[in-house]
Amino acid sequence: MLEVADIFREAGPAYREQYASRMLPSHLKVMEAIEACRTEAMGGELRQCDQCEQFQYSYHSCRNRHCPKCHGDQTRRWLDKQRTRSLDCPYYLVTFTIPNKLHPLVRGHQRLVYGLLMRSAAHSLKKLASDPKFLGANPAIIAVLHSWTRTMHYHPHVHLLVTAGGLSQDGRWLEPSNPRFLVPGYALSTIFRAKLRDALGSADLLRDTPPCAWEQPWVVHCKHAGNGEQVLEYLARYVYRIAIANSRIERFANGQVTFRYHDTKTHQLKRCTLTDHEFIRRFLQHVLPESFTKVRYYGLYSSASADDLERARAALSE
């Protein structure tokens with residue numbers, strides 16, 4: 001099977017020679033780690049079978065959080081933990097996006113603005129959910145940052161997996177007033193836009209944004225997510241890696257990389273062919289800042305609400 005590592009090993013030296021002066025140290029580090037992953041460069045260990053006494057040498061993994069080959073065990077442990085913590089109720093998937101005109105600002109201040117995006121999205125939803133007209137309670141929220149499309153274009157957005165209900169101040173489990181939606185999407189997008197604008201203003205970054213970005217409607221998409229299991233499985237795929245799985249890469253020859261993807265509009269399987277340098281560029285633009293936390297918990301799932309989470313679990317079992 002073709003791997004991102006194969007492309008990096010073959011095309012990476014020329015890419016670094018051409019762009020090294022403009023590359024971030026973190027991008028160089030990721031390339032080096034993926035190229036060396038599970039090769040002699042990482043060292044390894046010799047194992048012997050107790051039954052047949054055959055020897056097998058196993059190379060070590062790079063364990064870089066952007067590597068497509070690493071973290072399978074961590075992904076499974078994360079998913080198991082979320083399943084254990086999940087409340088027995090329906091869920092919604094709420095996706096917050098921003099206008100393309102703000103993308104340059106986000107890329108230039110990733111550590112700060114990524115955090116502001118996640119916080120603004122979660123706090124916007126919590127604000128509307130606290131209104132008795134819609135819910136009047138505190139829901140449980142898992143927020144996950146993504147920065148890519150299926151063709152690896154830069155598209156920062158935040159997914160929230162939210163319980164379809166929440167814990168009231170008097171300890172009752174309340175369901176949404178309208179069974180068709182959690183909160184109104186138009187109001188949610190308006191509040192999200194205002195909160196992010198205020199946050200950027202407080203960070204002295206608002207002057208770097210084009211005024212038209214704040215005048216156009218913003219898109220927040222909310223849909224039913226059943227018991228949340230399928231969404232959790234989708235999010236888990238990218239908790240410990242980014243952008244593309246090795247299994248999607250179909251061809252790498254003559255400086256061209258072809259990979260497949262599902263078109264979200266037509267629901268058809270399509271293919272994208274890029275030069276090897278463009279493939280590397282698109283991949284690296286999704287490398288996260290050092291130690292940035294891309295999964296965060298709000299509402300009943302926050303660490304400060306452990307007792308309320310158990311109260312909600314008890315209320316749901318009544």
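Since this is a predicted model, take the numbers as computed values, not measurements.
Ion pairing of Lys265 with Asp263 is absent here, as no side-chain N (NZ or NE/NH1/NH2) approaches a carboxylate O to less than 4.0 Å. A salt bridge is absent between Arg77 and Asp80; no separation between the charged side-chain nitrogens and carboxylate oxygens falls under 4.0 Å. Under the 4.0 Å criterion applied to side-chain N and carboxylate O atoms, Asp6 and Arg9 are assigned as salt-bridge partners. Salt bridge absent: Glu32 and Lys29 never bring a charged side-chain N and a carboxylate O closer than 4.0 Å.
The ring of His146 has its center closer than 6.0 angstrom to the ring center of Tyr238. Residues Phe192 and Trp218 place their aromatic rings such that the two centres sit under 6.0 Å apart.
Residues passing the salt bridge (Lys or Arg N to Asp or Glu O under 4.0 Å) test with Lys126: none are found, sequence neighbours excluded.
Side chain of Arg248 to backbone of Arg260: a donor-acceptor contact under 3.5 angstrom is found. Checking side-chain atoms of Arg172 against main-chain N and O of Gly166 turns up no donor-acceptor pair under 3.5 Å. Judged by distance alone, the side chain of Thr275 and the main-chain N or O of Glu278 form a donor-acceptor pair under 3.5 Å.
The number of heavy atoms from other shown groups lying within 6.0 Å of NZ (Lys127) does not exceed 12. In Gln216, the CD atom is crowded: over 12 heavy atoms of neighbouring residues, nucleotides or ligands sit closer than 6.0 Å. Tyr234 OH: more than 12 foreign heavy atoms inside a 6.0 Å radius. Other residues, nucleotides and ligands contribute at most 12 non-hydrogen atoms within 6.0 Å of the CG atom of Asp88. Crowding of Gln285 atom CD: a count of heavy atoms from other residues, nucleotides or ligands under 6.0 Å exceeding 12. For CZ of Arg111, the number of neighbouring non-hydrogen atoms (other residues, nucleotides, ligands) closer than 6.0 Å is greater than 12.
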Checklist line | Audit row: Phe96, His157, ring pair (Phe, Tyr, Trp, His ring centres under 6.0 Å) steps and yes/no | finding: CA-CA 6 Å; Phe96 293 78; His157 57 285; over 10 Å; no
Next item on the list: Start with the C-alpha distance between Gln82 and Tyr301, add both sets of side-chain angles, then the distance that settles side-chain hydrogen bond (donor to acceptor under 3.5 Å, both in side chains), and finish with yes or no.
Entry: CA-CA 10 Å; Gln82 305 317 309; Tyr301 281 151; over 6 Å; no
Next item on the list: List the steps and the verdict of salt bridge (Lys or Arg N to Asp or Glu O under 4.0 Å) for Arg313 and Glu310.
Entry: CA-CA 5 Å; Arg313 200 180 308 280; Glu310 293 311 309; 3.5 Å; yes
Notebook entry, point to check: Should Arg83 and Glu233 be marked as a salt bridge (Lys or Arg N to Asp or Glu O under 4.0 Å) after you check the CA-CA gap, both sets of side-chain angles, and the distance that decides it?
Noted result: CA-CA 10 Å; Arg83 287 167 172 160; Glu233 290 179 358; 3.3 Å; yes
Next item on the list: Evaluate the salt bridge (Lys or Arg N to Asp or Glu O under 4.0 Å) criterion for residues Lys270 and Glu250: first the C-alpha distance (whole Å), next the side-chain angles of each, then the deciding distance (0.1 Å), finally the verdict.
Entry: CA-CA 12 Å; Lys270 294 187 176 181; Glu250 295 187 342; over 6 Å; no
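For the ring pair (Phe, Tyr, Trp, His ring centres under 6.0 Å) test with His277, the passing option among Phe283, Tyr15, Phe8 is Tyr15; the others fail. Results of the side-chain contact (heavy atoms from CB on, under 4.5 Å) test with Pro139 over Leu87, Leu300, Leu125 single out Leu125 as the only residue that passes. Among Lys294, His286, His103, the single residue meeting the side chain to side chain donor-acceptor pair (under 3.5 Å) criterion with Ser147 is His286.
Looking at Arg271 and Leu269, their side chains come closer than 4.5 Å, going by heavy atoms from C-beta outward.
With no hydrogens or angles considered, no side-chain donor-acceptor pair links Thr149 and His155 at under 3.5 Å.
With hydrophobic clusters built from ILVMFWY side chains whose heavy atoms lie under 4.5 angstrom apart, Phe292 shares a cluster with Leu117.
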